[in-house]
Amino acid sequence: MRSSDASEFVRRAESRLLELSIEAQRAEWVYATYINPDSEALSAKASSRLIGATVELAKQSARLPADGLSPEERRKIRLLKLTLPLIAPSDPAESDELTRLVATMQGTYATWRYAPSGAAEPIDLQGLSRILSESRDPIALAEAWTGWHRVGRRIRNDFPRYVELANRGARELGFPDTGAMWRSKYDMEPDAFAREVERLWQEVRPLYLSLHAYVRRRLATVYGPDLVPPDGPIPAHLLGNMWAQAWDEIYSLVAPTGSDPGLDITGELVARGTTPKEMVQYAERFFVSLGLPPLPASFWERSMFVRPKDREVVCHASAWDIDFADDIRIKMCTEITNDHFATIHHELGHNYYQRAYARQPFLFRDSAHDGFHEALGDTIGLSVTPEYLVTIGLAKEAPDPGREVGVLLRRALEKVAFLPFGLLVDRWRWEVFSGEVGPGDYNRTWWSMRERYQGVRAPSPRGPDDFDPGAKYHVAANVPYMRYFLAHILQFQFHAALARAAGHEGPLSRFSIFGSVEAGRRINAMMEMGASREWPDALEAITGERRMEARGLLDYFAPLKAWLEEENRGHPTGR
Ligand code: X8Z
Ligand code: ZN
């Protein structure tokens with residue numbers, strides 16, 4: 001093949017993939033906003049067609065003459081194999097089977113309900129999650145937790161076959177297994193990436209352990225030492241969240257006396273009768289204040305902000321790039337809470353990123369790596385400071401800096417508590433895909449990791465039928481998870497760099513980029529690049545640094561760390 005033919009191949013590949021991706025996006029949108037057997041079949045079919053074309057093109061691209069390609073084309077060919085989180089075997093029957101399995105698992109997850117004793121009717125995940133965040137009755141908490149986790153038993157029926165077929169697909173593209181394929185997306189050797197993750201985890205682990213020890217002690221005073229032993233794992237149903245992945249809902253239980261809620265605006269939002277659409281408008285105004293354009297009319301017309309009453313939908317929040325141009329949307333079952341206020345900023349971050357790279361060639365219409373995509377909206381969220389809330393009228397006054405611990409503790413319950421969970425979901429899946437952990441050990445290994453990394457334990461005995469990883473959306477829906485761990489590091493690195501650039505003095509927790517066109521310019525420079533360059537280039541555009549660093553996070557929480565150490569003195573840390 002001559003080099004002009006090779007360029008022509010790349011051009012055609014991009015236009016074919018664009019067309020099939022749009023078809024798959026539309027079909028999936030219909031499925032996710034109207035779950036039924038037809039939309040499930042159509043969405044699985046469209047996904048199978050896109051995967052089929054991707055595999056075919058990736059195999060053909062292996063025959064292209066390397067020296068006939070520009071560096072840009074070579075990068076595109078490398079990315080071609082990595083755009084999808086799921087690769088199916090080329091056998092059409094197996095490909096259809098696999099995409100159907102994933103759609104079914106997602107549907108099972110989205111429609112699961114459980115009726116706790118005394119409930120008039122079965123309750124969905126959002127309702128059970130509300131019990132987890134609001135109830136302080138350990139029996140009700142355990143029942144809601146256990147009832148939701150029953151969904152895993154259903155997912156378990158499909159999971160081993162899904163693993164087998166997904167691996168068969170990944171192997172056809174030359175990867176040892178699907179986990180190795182996921183680890184290959186970071187412009188470095190897959191093993192080097194795994195080491196990079198470990199390095200970052202070791203840097204933040206002491207902070208996590210301090211927080212864990214402190215929270216455990218406070219919970220022991222609430223629930224008693226029989227339920228919360230002073231030196232053992234914390235029961236996972238007491239932390240305010242179904243997966244114990246963020247603990248901010250129990251802030252009031254663990255806050256030091258006299259500290260300020262600082263960042264909780266649920267009450268204010270509800271008192272004002274704020275609508276879901278208005279919640280989104282608050283977030284849009286933040287992005288606009290950075291010099292970015294308002295969202296297009298189609299966003300407001302086509303997004304799903306509220307759970308429809310008459311049909312089943314996938315409530316897990318997501319942002320969509322339907323036509324890879326300007327048909328961007330979000331899908332959320334919005335509740336008027338502090339938590340969803342943050343989630344909306346997170347989702348709009350995806351949409352603004354998608355819009356900024358829309359002018360890149362198709363294979364570069366993605367973030368630098370997936371952690372960047374997840375970090376962007378959260379970076380804006382870090383700028384939702386008490387002072388910002390006062391500016392937009394959602395809070396009356398910011399707590400004075402002497403009460404800083406309250407603001408930091410709440411933030412840590414949200415962000416620091418997340419770190420080990422963000423790490424373990426894919427450490428578990430990596431072992432599952434590699435075959436190191438077989439179906440008989442799925443759940444046991446899951447809990448040994450939950451205990452080792454998070455220091456939590458299951459609230460009820462787990463039996464051979466249980467499959468608790470399946471009770472997490474991303475596991476049931478085949479969404480890689482290490483991106484969130486990276487994003488939790490990166491968002492603080494971005495935030496700290498933007499503060500440095502602005503000459504900010506004082507605590508990082510009181511810095512906001514609201515209204516800063518200069519910050520907007522830097523963020524946009526990174527977003528516009530899309531995936532056209534290796535991620536260190538994108539990182540440099542916003543931070544001036546080329547390595548992912550935990551220092552931003554550690555600096556942000558330094559005053560809290562000192563306070564926690566003081567509080568924890570003489571008490572056990574770790575499990
Ligand atoms: O799934 C999400 C977003 C959509 S990309 C709502 N997140 C992870 C989760 O919910 O488990 C954001 C934080 C972690
Ligand atoms: Zn996200």
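In listed order, ligands and their atoms are each counted from 1.
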For this session: Identify whether NZ of Lys or CZ of Arg in Arg156 sits under 6.0 Å from the centre of the six-membered ring of Phe159 and within 45° of that ring's axis.
Result: no
Exercise. Got a sec, which residues hit ring pair (Phe, Tyr, Trp, His ring centres under 6.0 Å) with His488, two or more places apart in sequence or on another chain?
Worked result: Phe418
Exercise. For the Zn ion (ligand 2), how many protein N, O or S atoms lie at less than 2.8 Å?
Worked result: 3
Short question: side chain of [X], backbone of [Y] - any donor-acceptor pair under 3.5 Å?
{"X": "His346", "Y": "Ala342", "answer": "no"}
{"X": "Asp124", "Y": "Gly127", "answer": "yes"}
{"X": "Thr178", "Y": "Ala166", "answer": "yes"}

Exercise. Under 4.0 Å between a Lys/Arg side-chain N and an Asp/Glu carboxylate O for Lys185 and Asp366?
Worked result: yes
Exercise. Does a side-chain heavy-atom distance below 4.5 Å link Gln354 with Arg365?
Worked result: no
Dump the pairs for me: ligand 1 N or O, protein N or O, distance under 3.5 Å, to 0.1 Å.
{"unit_1": "ligand 1", "atom_1": "1 (O)", "unit_2": "His316", "atom_2": "NE2", "d": "2.7"}
{"unit_1": "ligand 1", "atom_1": "1 (O)", "unit_2": "His474", "atom_2": "NE2", "d": "2.8"}
{"unit_1": "ligand 1", "atom_1": "1 (O)", "unit_2": "Tyr484", "atom_2": "OH", "d": "3.3"}
{"unit_1": "ligand 1", "atom_1": "11 (O)", "unit_2": "Gln245", "atom_2": "NE2", "d": "3.1"}
{"unit_1": "ligand 1", "atom_1": "11 (O)", "unit_2": "Lys472", "atom_2": "NZ", "d": "2.7"}
{"unit_1": "ligand 1", "atom_1": "11 (O)", "unit_2": "Tyr481", "atom_2": "OH", "d": "2.6"}

Exercise. How would you list, by chain and number, every residue that makes a side chain to side chain donor-acceptor pair (under 3.5 Å) with Asp321, sequence neighbours excluded?
Worked result: none
Problem set entry | Tyr453 ring center within less than 6.0 Å of Phe421 ring center | no
